[in-house]
Amino acid sequence: MFLFKKIIAAILLPVPMVLIITVLGLFLLWFSKRQRLGKWMASLGVLMLVLLSATPIANLLISPLENHYPTYDLSQGPVKFVMVLGSGHVSDPRLPVSSQIGSASMARLLEGIRIYKANPGAKLIVSGWGGADPVPNAEVVAQVAIALGVLEVDIVKEPRAKDTHNEAQLVKAVIGRAEFALVTSAAHMPRAVALFNKQEMRPVPAPANYLVKNRPGQSVSIQFSATNLAKSESAIHEYLGLAWSKLRGQI
């Protein structure tokens with residue numbers, strides 16, 4: 001079921017979907033008599049690419065997710081655990097350990113360390129399996145945390161978790177019913193909180209890795225970029241994840 005979920009999600013994300021529609025349209029134009037359908041499909045593919053890479057559309061898709069919870073307030077009370085959800089990594093020994101984790105993972109970890117340092121005695125929980133990589137994400141992130149000043153004795157690693165639902169299930173035995181800071185990307189936070197709540201846990205949202213950043217007084221701009229396409233992809237990934245989690249009764 002895990003592999004099936006990953007395959008379906010990969011197909012429905014913007015870039016694969018645009019490529020499938022456009023290629024099918026071009027195939028019909030070049031190798032069939034269904035010219036009208038081919039033109040419509042190729043045009044739809046290009047239109048989707050244009051819209052999803054435009055600043056207003058990308059921000060419109062992802063902003064409701066990122067703004068669902070406020071940023072973490074250090075004055076709201078102590079926590080004994082800071083849970084940093086896993087993200088991508090590549091355990092390339094040629095690289096410094098800080099370059100072996102992705103930008104999302106680094107942003108999450110830095111926010112987790114900020115909260116950890118404000119709560120003396122707290123434990124920093126890092127999670128995530130390796131997938132195709134021989135080294136689990138939890139292990140690599142832990143190494144970065146130690147390099148950034150976190151005491152090794154304060155780190156709890158959960159290297160078995162394959163996804164957020166799995167993370168919630170596995171760390172419940174460690175955290176129990178205690179309130180804890182839950183750190184993940186801002187767009188992922190609504191789904192993450194719902195999954196942990198379903199396990200009857202008490203997460204305090206600590207969103208990180210914001211993709212929409214507005215300067216005071218900044219006017220609305222219309223730009224087309226790969227960055228905007230990545231925002232749209234992140235948003236659609238989360239909406240698909242929410243739908244899947246509801247379908248499976250996980251939230």
Side-chain angles (χ1 to χ4, degrees), residues 1-7 9-10 13 81-93 95-116 122-148 150-175 180-199 201 203-209 211 230 233-234 237-238 240-242 244-245 248 250-251:
M1 188 61 70
F2 175 78
L3 182 60
F4 174 76
K5 178 185 71 171
K6 291 297 183 181
I7 292 173
L13 289 177
F81 300 97
V82 181
M83 173 81 194
V84 178
L85 299 189
S87 189
H89 79 285
V90 177
S91 58
D92 186 341
L95 305 177
V97 69
S98 58
S99 295
Q100 295 181 32
I101 63 175
S103 58
S105 187
M106 180 62 82
R108 296 179 186 186
L109 178 59
L110 289 175
E111 178 65 6
I113 292 175
R114 183 179 79 94
I115 299 169
Y116 157 80
K123 296 294 184 181
L124 183 71
I125 305 175
V126 294
S127 64
W129 71 322
D133 196 293
V135 182
N137 182 259
E139 184 63 43
V140 179
V141 173
Q143 291 175 23
V144 179
I146 293 169
L148 293 175
V150 178
L151 298 176
E152 186 172 2
V153 69
D154 287 341
I155 299 176
V156 177
K157 292 176 282 190
E158 178 41 76
R160 299 169 294 170
K162 294 183 177 181
D163 56 21
T164 310
H165 177 241
N166 204 200
E167 286 173 315
Q169 291 177 313
L170 291 170
V171 301
K172 184 177 180 179
V174 177
I175 298 175
F180 66 100
L182 177 62
V183 185
T184 188
S185 298
H188 179 51
M189 188 60 75
R191 179 158 60 103
V193 169
L195 288 166
F196 277 84
N197 282 338
K198 185 69 172 181
Q199 297 297 317
M201 300 177 71
V204 180
N209 189 40
L211 299 182
E233 185 169 69
S234 295
H237 174 80
E238 286 307 316
L240 289 172
L242 284 165
W244 174 264
S245 297
R248 298 281 295 167
Q250 296 173 350
I251 60 177

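No experiment lies behind these values; they were computed from the predicted model shown.
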Exercise for the section: Look only at the side chain of N209 and the backbone of R108, and say whether a donor-acceptor pair between them is shorter than 3.5 Å. Expected result: no
Fill in the blank from the handout: For A181, the side chain to side chain contact (heavy atoms under 4.5 Å, CB included) test, sequence neighbours excluded, returns Y72, V79, V82, I115
Completion exercise
Per side-chain contact (heavy atoms from CB on, under 4.5 Å), H89 is matched among V97, V141, V144, D133 by D133
Problem - Spatial distance of atom CG (L240) from atom CD (E233) [nearest 0.5 Å] - result: 10.5 Å
Handout entry: Between NZ on residue K198 and CD1 on residue I251, distance to nearest 0.5 Å
Key = 9.0 Å
Exercise for the section: Drop me the distance from H237's NE2 to W244's CH2, to the nearest 0.5 angstrom. Expected result: 12.5 Å
Handout entry: Interatomic spacing from CG in N137 to CD1 in I101 - rounded to 0.5 Å
Key = 8.0 Å
Practice task
Would you check if the side chain of K162 reaches a backbone N or O of G130 as a donor-acceptor pair within less than 3.5 Å?
Solution key: no
Practice task
Write down the atom of A145, the atom of I113, and the distance for their closest heavy-atom approach.
Solution key: CA-CD1, 4.2 Å
Problem - Min side-chain heavy-atom separation F180-P203 under 4.5 Å - result: yes
Problem - Expected output: side-chain E167 to main-chain G86 donor-acceptor under 3.5 Å - result: yes
Exercise for the section: For H165, check side chain to side chain contact (heavy atoms under 4.5 Å, CB included) against everything at least two apart and list the hits. Expected result: D163, Q169, L195, Q199, Q250
Completion exercise
V171 and I125 have their tightest heavy-atom pair at CG1-CG2, 4.2 Å
Exercise for the section: Grab the two heavy atoms, one from R160 and one from N166, that are nearest each other, plus how far apart they are. Expected result: O-OD1, 3.5 Å
Handout entry: D154 side chain near K123 side chain, heavy-atom distance below 4.5 Å
Key = yes
Exercise for the section: Kindly write out the residues that satisfy side chain to side chain contact (heavy atoms under 4.5 Å, CB included) with P134, not counting sequence neighbours, or none if the list is empty. Expected result: S91
Handout entry: Closest contact, heavy atoms only, V174 versus F81
Key = O-CZ, 3.7 Å
Problem - Pairwise distance OH(Y116) to CD1(I155) - rounded to 0.5 angstrom - result: 7.5 Å
